[in-house]
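Values below: all heavy atoms of this structure, side chains included; hydrogens, waters and symmetry mates excluded. Residue numbers start from 1 in every chain, and the chains themselves are labelled A, B, ... in the order their sequence lines are given, proteins ahead of strands.
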There are 2 protein chains.
Amino acid sequence: MRSELADILLKDSEINIEKSLPSISIDCVVFGFDTASLKVLLTKVKEKDGWLLPGGYLHKSENLEDGAYRILESRTGVSEIYLQQFKTFGKLNRSNDFFSEYDKNLWHKRRFLSVGYYALTNFAKVEPKIDYLSEACEWKNINELPQLLMDHQEIFDAALLELRKGLNYRPVGLNLLPEKFTMPELQRLYEIILDKPLNRGNFYRKMTKYGILNKLKETRKGGAHKAPNLYTFNAETYNEALENGFKEAW
Amino acid sequence: MRSELADILLKDSEINIEKSLPSISIDCVVFGFDTASLKVLLTKVKEKDGWLLPGGYLHKSENLEDGAYRILESRTGVSEIYLQQFKTFGKLNRSNDFFSEYDKNLWHKRRFLSVGYYALTNFAKVEPKIDYLSEACEWKNINELPQLLMDHQEIFDAALLELRKGLNYRPVGLNLLPEKFTMPELQRLYEIILDKPLNRGNFYRKMTKYGILNKLKETRKGGAHKAPNLYTFNAETYNEALENGFKEAW
DNA sequence: ACAAAAGTGTTCGCTCTACACCCATGG
DNA sequence: CCATGGGTGTAGAGCGAACACTTTTGT
């Protein structure tokens with residue numbers, strides 16, 4: 001079949017056969033946050049009617065995790081980011097048929113497992129970039145997702161579940177919120193991720209007790225009301241908590 | 001280099017090139033339990049000084065999870081088993097050098113990612129089987145592990161951590177304990193996995209409350225003392241709990 | 001009789017929840 | 001003044017830890 005995409009795929013196929021490890025792909029669920037909502041970065045494939053999570057192939061000469069960071073950075077321009085492997089997807093026909101109308105020797109038509117990573121970022125910092133086979137790369141609200149192709153809905157669902165479970169024993173917020181932020185902003189982040197309201201007083205105490213916050217002497221002036229306190233994350237205790245978690249029973 | 005193993009590898013190499021997906025391997029951390037201790041199934045590689053987790057390659061025509069079950073069954077003869085994917089390992093040199101002295105075109109010398117699964121079984125039911133490149137397959141106590149080759153110590157550690165964390169929100173015991181078992185036996189299982197003593201009364205209440213146990217009218221006769229009550233797992237609620245977990249905060 | 005097992009009660013301390021109250025302060 | 005933010009108090013529910021008491025029962 002002759003089309004713009006067909007040509008691109010052929011060329012890309014050669015490059016990947018040379019450079020990438022067969023059978024392995026990486027898909028990234030990039031969650032973005034601003035003051036109002038939680039979104040996910042999706043790409044629209046050329047000549048296809050549907051969207052995909054940004055992904056790519058692992059180079060022969062790079063570590064798995066480095067591959068995930070590279071793919072992520074190539075789409076968002078963001079390198080300092082929280083990235084978490086959550087599951088590997090390996091059903092037989094997960095990506096079959098996808099390029100069925102194109103050249104049968106195509107790299108892309110082979111069988112791939114996909115290692116799923118999720119990332120969290122502030123989408124104000126991100127410049128979504130399309131790649132060779134996409135015609136768009138956009139933030140989509142997680143409550144209004146378009147149709148996802150292949151098994152990417154399943155991958156997304158697993159990532160969201162992991163993200164929410166992770167809130168129980170991992171801190172969240174660094175690189176999502178601005179450097180300096182207020183307690184209501186932090187609470188809003190949690191509420192948006194969990195999609196439910198939280199009690200203010202309890203949230204305040206909980207966060208304070210975790211010991212990951214530095215309270216600054218400054219306040220945020222200029223609002224219509226009382227100037228709220230500003231906080232930063234304490235990089236040391238925050239990272240310590242990321243490593244070791246907040247609690248664990250038994 | 002000429003050796004028994006070298007010949008085997010060459011032959012196996014051809015088979016795998018034909019039959020298996022490149023770049024992917026599966027390693028299984030098979031935990032075994034009897035009334036006294038927690039062990040893990042290890043294999044001793046021919047002509048090598050050290051042990052490995054049982055593993056294998058994913059066939060081109062099978063689902064990832066099915067591959068894990070197949071590999072597991074080929075080593076243990078056990079098919080009804082709890083199997084849980086926990087992490088995928090993809091460092092660049094994780095399996096390099098391992099067959100360094102053998103033919104450079106060998107399948108086995110390529111780069112592989114390894115998808116880690118852990119399994120739980122009663123090792124009384126298992127008949128460990130050696131495979132083509134191992135000279136032994138044995139249960140080893142987890143507190144006295146021999147030297148593990150490649151990155152298999154790291155894989156094992158990650159599996160044990162996951163297993164222990166899992167006890168907080170997943171039931172354990174089905175297929176590990178005999179069909180009918182007593183409360184002290186169940187408690188012992190938990191204590192061995194967690195490597196610490198638990199309070200009897202609290203344990204009794206906790207397990208009872210989970211609602212995954214059927215209390216039988218029978219007791220275990222023949223012991224030196226009072227005949228303990230026998231229980232079975234309630235397959236329905238047990239599996240329901242496996243799926244959905246016991247709790248989750250927020 | 002003895003010892004293990006079974007079942008239950010109780011106390012203490014902690015955490016989470018929900019709600020409420022008070023103060024501060026920018027406009 | 002008032003809306004928002006900050007901080008604290010507290011009552012109630014629930015749970016886990018620890019311990020202890022009682023009963024059952026096989027040998």
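In terms of position on DNA chain D, the residue among B:Y210 and A:N229 whose nearest nucleotide sits closer to the 5' end is A:N229. Where A:G201 and B:P228 each meet DNA chain C at their nearest nucleotide, the meeting point lying more 5' is that of B:P228.
Between B:R188 atom CZ and C:dA5 atom C1' the separation is 16 Å, expressed in whole Å. A:Q187 has its CD atom 12 Å from the C1' atom of D:dG6, to the nearest Å. Rounded to whole Å, the distance from CZ on A:F203 to P on D:dT4 is 19 Å. For B:L230 and C:dA5, the CG to P distance is 12 Å, given to the nearest whole Å. Atom pair A:Y204:OH and C:dC19:C1' shows a separation of 18 Å (rounding to whole Å applied). A straight line from NZ of B:K206 to P of C:dA6 spans 19 Å, rounded to a whole angstrom. Per the geometry, CG belonging to A:L216 stands 15 Å off C1' belonging to D:dG6, to the nearest Å. Straight-line distance from the CZ atom of B:R220 to the P atom of C:dA4: 16 Å, rounded to whole Å.
For residues 204-227 of chain A, every residue pair satisfying the ring pair (Phe, Tyr, Trp, His ring centres under 6.0 Å) rule, not counting sequence neighbours, is listed here: A:Y210-A:F246. Contacts classified as salt bridge (Lys or Arg N to Asp or Glu O under 4.0 Å) and involving residues 222-238 of chain A (residues at least two apart or in different chains) are not found.
With sequence neighbours excluded, the residues forming a side-chain hydrogen bond (donor to acceptor under 3.5 Å, both in side chains) with A:D131 are A:R75, A:S134, listed by chain and number. Considering only residues two or more places apart in sequence or on other chains, B:T182 meets the side-chain hydrogen bond (donor to acceptor under 3.5 Å, both in side chains) condition with none of them. Checked against side-chain hydrogen bond (donor to acceptor under 3.5 Å, both in side chains), A:D34 has no partners two or more places apart in sequence or in another chain. With sequence neighbours excluded, the residues forming a side-chain hydrogen bond (donor to acceptor under 3.5 Å, both in side chains) with A:R94 are A:D151, listed by chain and number. Residues satisfying the salt bridge (charged side-chain N to carboxylate O under 4.0 Å, His left out) criterion with A:K87, sequence neighbours excluded, are absent altogether.
When distances run from any side-chain atom of B:N199 to the nucleotides C:dC19, D:dA18, C:dA6, the shortest one goes to D:dA18.
Donor-acceptor pairing under 3.5 Å is recorded for the side chains of B:S114 and B:D27.
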Using a cutoff of under 3.5 Å, can you pull out all pairs of nitrogen or oxygen atoms linking the protein to nucleotides 10-13 of chain C, with atom names and distances?
none

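Nucleic acid contact class of A:Y231 (heavy atoms, under 4.0 Å, all strands): sugar-phosphate only.
Under the 4.0 Å criterion applied to side-chain N and carboxylate O atoms, B:K44 and B:E138 are not assigned as salt-bridge partners.
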Mark up nucleotides 22-27 of chain C, 5' to 3', with B wherever a protein heavy atom is under 4.0 angstrom from a base atom, S wherever such an atom reaches only the sugar-phosphate, and - elsewhere. --BBSS

